[in-house]
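Residue numbers count from 1 along this sequence. For clarity, every value in this text was computed on a predicted model and none was experimentally measured.
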Amino acid sequence: MFEFEVPEVDYTQYSNRQLVAVPLVVLALSLAVIGGWWAVTGAPVDRGIDFTGGTELTVGTNATLTNEEIEATFDEPVLSVQGITTTSESTYENQYVVTFDNSANVSSVRSAAQSAAELTLLGSGTTSPLFGGQNQRLAVIGVGVAFVGMSLLAFAFFRTFIPSIAIVISAFSDIMIPLAIMNLLGIKLSLGIVAALLMLIGYSVDSDILLNNHVLRRSGGFYESTYRAMRTGVTMTLTSIAAMTVMAVAATIFGIGLMADIGLILVLGLTADLMNTYLLNVTLLRWYKYEGVNR
């Protein structure tokens with residue numbers, strides 16, 4: 001039977017500067033990518049039609065068509081073509097969601113789909129730029145409220161600056177790293193990904209509070225307490241990463257783009273959380289325990 005054992009890390013071999021170097025460099029690179037993206041495009045990440053407005057058509061066909069052949073059907077520029085899962089009861093063997101930005105003429109793209117020889121228009125939907133702007137404001141407010149609430153909870157729970165700010169910095173980095181990678185991979189921000197970012201805040205606080213609570217409030221030495229927290233925290237996070245990896249792979253195979261993107265963002269964020277919790281947070285706690293409290 002397979003048994004997973006979290007290895008014990010000998011933190012005494014490394015100085016505080018060595019331990020925080022990697023997470024701080026990764027965070028700095030992520031902020032540079034996001035800042036550069038903002039300067040060039042006017043937004044920290046590319047936004048999907050949930051936030052900018054646009055049109056989606058669902059089309060079906062029994063022919064085998066490439067994405068390029070489907071795009072060639074329309075005179076308006078196509079943002080993306082994504083295959084969706086069909087069942088044995090479906091009328092068409094293949095179904096696709098074709099996405100256009102808010103500059104597309106809705107009547108024109110519907111007419112093109114209806115007149116195409118090998119395509120059948122199954123449905124269409126439009127998000128207005130005004131509604132997309134409202135979604136964007138609500139999403140920013142939601143993430144901001146969640147982050148501020150998490151920060152207040154951390155300060156109320158531990159009532160000391162260094163352990164509390166360590167949780168806030170780790171959660172901030174856990175969000176910035178996936179956002180930067182999204183830009184590099186060309187993944188657009190959607191309402192589903194915003195939900196994934198909110199989940200990351202929860203995962204991050206969970207592992208960081210677990211570590212801080214073991215070190216500051218449980219009996220035992222610093223390294224013993226850290227290892228006890230690691231055994232639980234690393235197991236929890238790796239389990240979540242495995243589950244999200246399976247979800248991302250399965251969604252990719254079945255052509256469910258949104259679920260694949262959510263799974264990928266959670267895998268990236270949880271992996272970043274392992275680094276930030278057990279390098280950055282541990283280092284700040286060690287400095288606080290051995291140097292900070294004596295000042």
Side-chain angles (χ1 to χ4, degrees), residues 37 40-43 45-133 135-136 178-196 244-268:
W37 209 268
V40 173
T41 66
V45 292
D46 282 340
R47 296 160 296 170
I49 67 169
D50 288 343
F51 301 113
T52 61
T55 300
E56 282 187 348
L57 301 184
T58 303
V59 295
T61 178
N62 288 321
T64 302
L65 301 175
T66 64
N67 286 1
E68 290 74 18
E69 289 172 328
I70 295 173
E71 290 179 12
T73 305
F74 304 94
D75 295 328
E76 303 284 349
V78 176
L79 281 182
S80 66
V81 177
Q82 292 188 338
I84 57 178
T85 305
T86 58
T87 66
S88 58
E89 300 176 352
S90 299
T91 305
Y92 299 95
E93 294 178 4
N94 303 303
Q95 294 184 17
Y96 302 90
V97 173
V98 188
T99 306
F100 304 85
D101 65 20
N102 57 28
S103 66
N105 184 304
V106 179
S107 298
S108 173
V109 296
R110 284 178 56 89
S111 297
Q114 288 169 335
S115 59
E118 295 182 313
L119 291 180
T120 300
L121 179 63
L122 302 178
S124 64
T126 300
T127 301
S128 72
L130 178 60
F131 186 68
N135 283 344
Q136 184 173 322
L179 287 178
I181 297 177
M182 278 175 56
N183 287 335
L184 299 177
L185 297 180
I187 298 174
K188 294 182 181 298
L189 185 68
S190 64
L191 287 173
I193 291 180
V194 171
M244 293 303 111
T245 301
V246 171
M247 185 180 85
V249 172
T252 302
I253 293 173
F254 289 106
I256 311 173
L258 177 60
M259 296 299 290
D261 290 345
I262 291 174
L264 177 61
I265 295 304
L266 287 173
V267 169
L268 293 171

Identified side-chain contact (heavy atoms from CB on, under 4.5 Å) counterpart of Thr55 within the set Val106, Ile49, Asn105, Val98: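 Testing each of Val106, Ile49, Asn105, Val98 against Thr55, the sole residue satisfying side-chain contact (heavy atoms from CB on, under 4.5 Å) is Val106.
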
CA sep, side-chain torsions, deciding dist, call: Tyr92, Val59, side-chain contact (heavy atoms from CB on, under 4.5 Å): CA-CA 9 Å; Tyr92 299 95; Val59 295; over 6 Å; no

If I compare all heavy atoms of [X] with all of [Y], which pair ends up nearest, and what's the gap?
| X | Y | value |
| --- | --- | --- |
| Leu266 | Met244 | CD1-SD, 3.2 Å |
| Leu119 | Leu65 | CD2-CD1, 3.8 Å |
| Gly192 | Leu258 | CA-CD1, 4.0 Å |
| Ala260 | Ala251 | N-CB, 3.4 Å |
| Glu118 | Ala63 | OE2-CB, 4.0 Å |
| Val109 | Leu57 | O-CD1, 3.5 Å |

Side-chain touch [X]/[Y], heavy atoms, less than 4.5 angstrom:
| X | Y | result |
| --- | --- | --- |
| Thr41 | Asn183 | no |
| Phe100 | Leu79 | no |
| Leu191 | Phe51 | yes |
| Leu185 | Leu264 | yes |
| Thr52 | Lys188 | no |

Exam field: side chain Asn62 to backbone Glu93, donor-acceptor pair closer than 3.5 Å: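 Side chain of Asn62 to backbone of Glu93: a pair is present.
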
[X] [atom1] to [Y] [atom2] distance, which is reported to the nearest 0.5 Å:
| X | Y | atom1 | atom2 | result |
| --- | --- | --- | --- | --- |
| Leu189 | Arg47 | CG | CZ | 9.0 Å |
| Ile193 | Ile265 | CD1 | CD1 | 5.0 Å |
| Met182 | Ser190 | CE | OG | 7.0 Å |

Whether over 12 other heavy atoms sit under 6.0 Å from Asn67 CG: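 Counting neighbours around CG of Asn67, more than 12 heavy atoms of other residues, nucleotides or ligands fall under 6.0 Å, so yes.
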
Heavy atoms of other groups near Met247 CE, more than 12 under 6.0 Å: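 More than 12 heavy atoms, drawn from other residues, nucleotides or ligands, come within 6.0 Å of this atom.
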
